Amino acid sequence: QVQLRESGGGLVQAGGSLRLSCAASGRTSVMYVMAWFRQAPGKDRELVTSINWMGGNTYYSTSVKGRCTVSRDNAKNTVYLQMNSLKPEDTAVYYCAASTIVRDISRADDYRYWGQGTQVTVSS
C-alpha cells in the first residue's frame with residue numbers, strides 16, 4: 001500500500017502563487033506515475049499534471065501549462081506542484097494520485113492511490 005498526503009492548499013488572491021506538496025509513504029517502490037488532479041464543485045475530476053517517478057517526464061493540461069510546474073524529490077518521496085498566476089477558475093480540491101501502471105494519465109480511474117485532497121481557493 002501507498003499512502004499519499006497533500007499539504008499547501010489555502011486561500012490566495014488572483015495572480016498569487018501556492019506550492020502544494022504530496023508526501024508518499026509505504027511501498028513507494030511501486031510508484032511509477034504521480035499526478036495532480038483537481039475537482040471543482042459540480043465538475044468532474046480533471047488532470048492537472050503528471051510526472052514519471054523515475055525519468056521525470058512531465059505532462060501539463062492546457063489550462064495550467066505555463067503557470068504550473070511539477071517536480072519531485074525522490075529522496076523525500078515527495079512531489080510538488082508550484083502554481084503561479086492563479087485564477088479564480090483554479091479554485092478546486094487538489095488531489096495527489098499515484099499508480100504503478102497507467103494507460104491513460106488523464107483518466108482518474110487508472111490511478112490506484114489517492115490522497116485526501118487539499119482545498120485551493122483563489123479570490124478575484
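Please read all numbers here as calculations on a predicted model, not as lab measurements. For reference, positions follow the sequence shown, starting with 1.
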Practice task
Decide yes or no for T121 and V12: does some side-chain heavy atom of the first lie under 4.5 Å from some side-chain heavy atom of the second?
Solution key: no
Handout entry: Which residues share a side-chain contact (heavy atoms from CB on, under 4.5 Å) with T49, sequence neighbours left out
Key = W36, Y60, V70, L81
Practice task
Can you label the angle between the Y95 ring and the W114 ring as parallel, tilted or perpendicular, going by 30° and 60°?
Solution key: perpendicular
Practice task
State whether the number of non-hydrogen atoms from other residues, nucleotides or ligands found under 6.0 Å of D104 atom CG is greater than 12.
Solution key: yes
Problem - pair R107-I105: side-chain heavy atoms closer than 4.5 Å - result: no
Exercise for the section: Go through T91 and E89 one step at a time and tell me if the side-chain hydrogen bond (donor to acceptor under 3.5 Å, both in side chains) criterion holds. Expected result: CA-CA 5 Å; T91 296; E89 50 264 44; over 6 Å; no
Practice task
Count the heavy atoms of every other residue, nucleotide or ligand shown that sit under 6.0 Å from CZ of R45, and state whether that count exceeds 12.
Solution key: yes
Fill in the blank from the handout: When every non-hydrogen atom of E6 is compared with those of G117, the smallest separation belongs to OE1-N, 2.9 Å
Completion exercise
Correct closest heavy-atom pair for L47 and A35 would be CD1-CB, 3.8 Å
Problem - 4.5 Å side-chain heavy-atom contact, V102 and Y32 - result: no
Fill in the blank from the handout: The reported gap from CG in D73 to OG in S21 (rounded to nearest 0.5 angstrom) is 10.0 Å
Handout entry: SB check K87 D90 (cutoff 4.0 Å)
Key = no
Problem - Same cluster (ILVMFWY, side-chain, under 4.5 Å), M54 and Y80 - result: no
Handout entry: hydrophobic_cluster_shared for V93 and L18, side chain cutoff 4.5 Å
Key = no
Fill in the blank from the handout: Between C96 and M34 the two heavy atoms that sit nearest each other are SG-CE, 3.6 Å
Problem - side-chain contact (heavy atoms from CB on, under 4.5 Å) between Q82 and S17, intermediate numbers included - result: CA-CA 7 Å; Q82 176 68 42; S17 299; 3.9 Å; yes
Exercise for the section: State which residues pass side-chain contact (heavy atoms from CB on, under 4.5 Å) with T28; sequence neighbours excluded, sorted by chain then number. Expected result: A24, M31, N77
Exercise for the section: Please tell me if the side chains of W53 and V79 come closer than 4.5 Å, counting only heavy atoms from C-beta onward. Expected result: yes
Completion exercise
Closest non-hydrogen atoms of R38 and V64, given as atom of the first, atom of the second and distance, are NH1-CG1, 4.0 Å
Handout entry: Side-chain heavy atoms of V120 within contact of M83, under 4.5 Å
Key = yes
Problem - D110 (side chain) donor-acceptor with R103 (main chain) under 3.5 angstrom - result: yes
Handout entry: L4 to Y113 - nearest heavy-atom pair and separation
Key = CD1-O, 3.5 Å
Exercise for the section: Check the pair V33 / S50 against side-chain contact (heavy atoms from CB on, under 4.5 Å), numbers first and verdict last. Expected result: CA-CA 7 Å; V33 176; S50 68; 4.2 Å; yes
Handout entry: N/O donor-acceptor pair under 3.5 Å between R67 side chain and S85 backbone
Key = yes
Problem - Shortest non-hydrogen contact between A40 and A92, atoms and distance - result: N-CB, 3.8 Å
Problem - Approximate separation, where rounding is to 0.5 Å, of Q39 CD and D44 CG - result: 7.0 Å
Problem - Side chain to side chain, F37 and V48, heavy atoms closer than 4.5 Å - result: no
